[in-house]
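As structure tokens, the structure follows; a few thoughts come after it.
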Amino acid sequence: MQRSTQAGAPRPVQRAADDTSGFAPTSETPAENATSAASRISGAEIEELARRLLDPVSRLIRADMRRGRERAGRLHDGRR
């Protein structure tokens with residue numbers, strides 16, 4: 001007996017066999033995409049972005065290291 005599909009039920013979609021990337025196709029190759037993105041960002045903008053990201057990223061790394069020490073049962077870093 002065949003099951004009838006409901007009008008509101010989503011149909012399963014399958015990717016083409018040759019599409020293994022998981023990304024939508026673009027007209028640019030990855031190298032061209034990286035080159036065009038790099039040409040749009042100046043060195044000063046990269047420096048400013050790095051300075052803005054330094055504090056939040058270092059805070060996340062320190063918190064992760066602290067959690068690792070807590071899991072291991074060593075609340076303090078023995079190097080200091």
Side-chain angles (χ1 to χ4, degrees):
M1 178 178 238
Q2 283 185 327
R3 284 177 34 187
S4 62
T5 59
Q6 296 175 354
R11 291 184 180 173
V13 178
Q14 185 173 356
R15 293 179 194 255
D18 60 341
D19 182 17
T20 59
S21 67
F23 296 102
T26 62
S27 60
E28 296 179 335
T29 63
E32 290 173 346
N33 194 8
T35 303
S36 65
S39 66
R40 288 180 271 168
I41 300 174
S42 70
E45 290 173 328
I46 292 174
E47 287 291 324
E48 194 238 328
L49 178 62
R51 289 181 198 284
R52 285 182 24 215
L53 289 175
L54 184 64
D55 286 335
V57 170
S58 62
R59 191 177 316 120
L60 290 171
I61 291 172
R62 282 194 307 267
D64 188 48
M65 291 175 68
R66 188 178 315 114
R67 280 190 296 267
R69 286 192 304 267
E70 288 174 357
R71 274 188 237 115
R74 301 179 67 195
L75 296 179
H76 298 286
D77 191 6
R79 293 182 295 175
R80 293 186 196 188

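For the numbers below, each heavy atom of this structure counts, side chains included, while hydrogens, waters and symmetry mates do not.
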Do any side-chain atoms of residues 43-55 form donor-acceptor pairs under 3.5 angstrom with protein atoms, and if so which ones, sequence neighbours left out?
{"from": "E45", "atom 1": "OE1", "to": "S42", "atom 2": "N", "distance (Å)": "3.0"}
{"from": "E48", "atom 1": "OE2", "to": "R52", "atom 2": "NH1", "distance (Å)": "3.4"}

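Taking the salt bridge (Lys or Arg N to Asp or Glu O under 4.0 Å) definition, one finds that R59 meets it with nothing, sequence neighbours left out. Not counting sequence neighbours, L60 has no partner by the side chain to side chain contact (heavy atoms under 4.5 Å, CB included) test.
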